[in-house]
Amino acid sequence: DLVDLYNKHVANWGGMAKTYTFKAIKNDKVIKEVTLGPSLSFDLDVKASKTTLVNENTYDVSRVSIRFVDQYNNLMNYANKVIKLATSGPISLLCEDTLTLLGGQLSVYIRSENNNGKAKLEIVCEDIIKEIEFDVKSH
């Protein structure tokens, strides 16, 4: 019976690749869900620690995390893609403008400049383009 189950759900040699969804259930509620399967499309998952920067006695900083993920939002650990960064408005990078992903991810820091206003960070990886908008204010 075990061999039949393995052949049906895992070792489908020559068949279509399977997709599996695992759900962690606690107290009858799904608390975590992970889907695994063949990675067919990719994207950048980009998050900023904050999007409002406030100048006080000095500049303000935001951490921007960049993850290369598949269609299930799983990190692509072996991706070493080149990331190009560009800013517009009253912000600047605290790193180089061209970096390489390490383990499929990286973080960069941007800082506010003296002027108030809207700013933007553009992140490019091959044909994927993401933008994060920031609001720079003075205290």
Side-chain angles (χ1 to χ4, degrees):
D1 289 340
L2 183 58
V3 170
D4 288 340
L5 284 172
Y6 178 81
N7 288 336
K8 179 179 179 183
H9 296 290
V10 179
N12 58 347
W13 190 263
M16 295 294 293
K18 302 239 185 218
T19 300
Y20 299 94
T21 300
F22 301 93
K23 296 179 181 179
I25 299 172
K26 183 177 181 181
N27 299 328
D28 295 325
K29 290 187 176 185
V30 176
I31 58 171
K32 176 78 174 179
E33 187 172 322
V34 175
T35 302
L36 301 174
S39 298
L40 303 173
S41 64
F42 304 96
D43 200 3
L44 291 176
D45 178 33
V46 178
K47 293 186 176 115
S49 61
K50 58 184 173 180
T51 56
T52 300
L53 303 173
V54 180
N55 291 319
E56 293 185 358
N57 294 334
T58 185
Y59 57 84
D60 199 0
V61 173
S62 178
R63 177 180 183 258
V64 178
S65 63
I66 303 166
R67 299 173 67 239
F68 193 74
V69 296
D70 68 4
Q71 72 270 22
Y72 308 113
N73 203 37
N74 295 318
L75 177 66
M76 300 289 92
N77 297 1
Y78 297 105
N80 58 354
K81 306 283 186 184
V82 173
I83 302 293
K84 295 185 180 186
L85 306 166
T87 60
S88 60
I91 61 170
S92 60
L93 295 168
L94 289 174
C95 62
E96 299 295 322
D97 63 358
T98 303
L99 301 166
T100 303
L101 295 172
L102 300 172
Q105 60 189 337
L106 66 86
S107 291
V108 298
Y109 290 87
I110 59 104
R111 62 165 275 185
S112 61
E113 296 293 335
N114 289 334
N115 302 331
N116 295 337
K118 300 288 183 188
K120 191 183 306 180
L121 172 65
E122 181 181 75
I123 302 146
V124 178
C125 178
E126 295 175 347
D127 61 344
I128 303 169
I129 300 171
K130 296 289 180 167
E131 292 181 344
I132 299 180
E133 293 185 357
F134 295 91
D135 191 20
V136 180
K137 302 177 180 182
S138 293
H139 184 64

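Surrounding CG of Asn114 are at most 12 heavy atoms belonging to other residues, nucleotides or ligands under 6.0 Å away.
Under the side chain to side chain contact (heavy atoms under 4.5 Å, CB included) criterion, Phe22 pairs with Tyr20, Leu36, not counting sequence neighbours. For Ser41, the side chain to side chain contact (heavy atoms under 4.5 Å, CB included) test picks out Gln71, with sequence neighbours left out. Scored by the ring pair (Phe, Tyr, Trp, His ring centres under 6.0 Å) test, Tyr109 finds no partners at all (sequence neighbours excluded). Residues satisfying the side chain to side chain donor-acceptor pair (under 3.5 Å) test with Tyr72, not counting sequence neighbours, are Thr19. Take Lys120 and apply the side chain to side chain donor-acceptor pair (under 3.5 Å) test, not counting sequence neighbours, and it matches no residue. Looking at residues two or more places apart in sequence or on another chain, you find a side chain to side chain contact (heavy atoms under 4.5 Å, CB included) between Asn80 and Thr100. Qualifying side chain to side chain donor-acceptor pair (under 3.5 Å) partners for Arg67, counting only residues two or more places apart in sequence or in other chains: Asp45. Take Ile31 and apply the side chain to side chain contact (heavy atoms under 4.5 Å, CB included) test, not counting sequence neighbours, and it matches Ala24, Lys26.
Its side chain within the 4.5 Å cluster rule, Leu53 clusters with Phe42, Leu44, Val46, Val64, Ile66, Phe68, Met76, Ile83, Leu85, Ile91, Leu93, Leu99, Leu101, Leu106, Val108, Ile110, Leu121, Ile123, Ile128, Ile132, Phe134, Val136 among the Ile, Leu, Val, Met, Phe, Trp and Tyr residues.
Here the closest heavy-atom approach between residue Asp70 and residue Ser39 is recorded as OD2-OG, 2.9 Å.
Sorted by first and then second residue, the pairs that involve residues 130-139 and meet side chain to side chain donor-acceptor pair (under 3.5 Å), not counting sequence neighbours, are Asp43-Lys130, Asn116-Ser138. Sorted by first then second residue, the side chain to side chain donor-acceptor pair (under 3.5 Å) pairs that include residues 55-65, not counting sequence neighbours, are Ser49-Ser62, Lys50-Asp60, Asn55-Ser112, Arg63-Ser107. Listed by first and then second residue, the side chain to side chain donor-acceptor pair (under 3.5 Å) pairs involving residues 81-99 are Lys81-Glu126, Ser92-Glu113 (not counting sequence neighbours).
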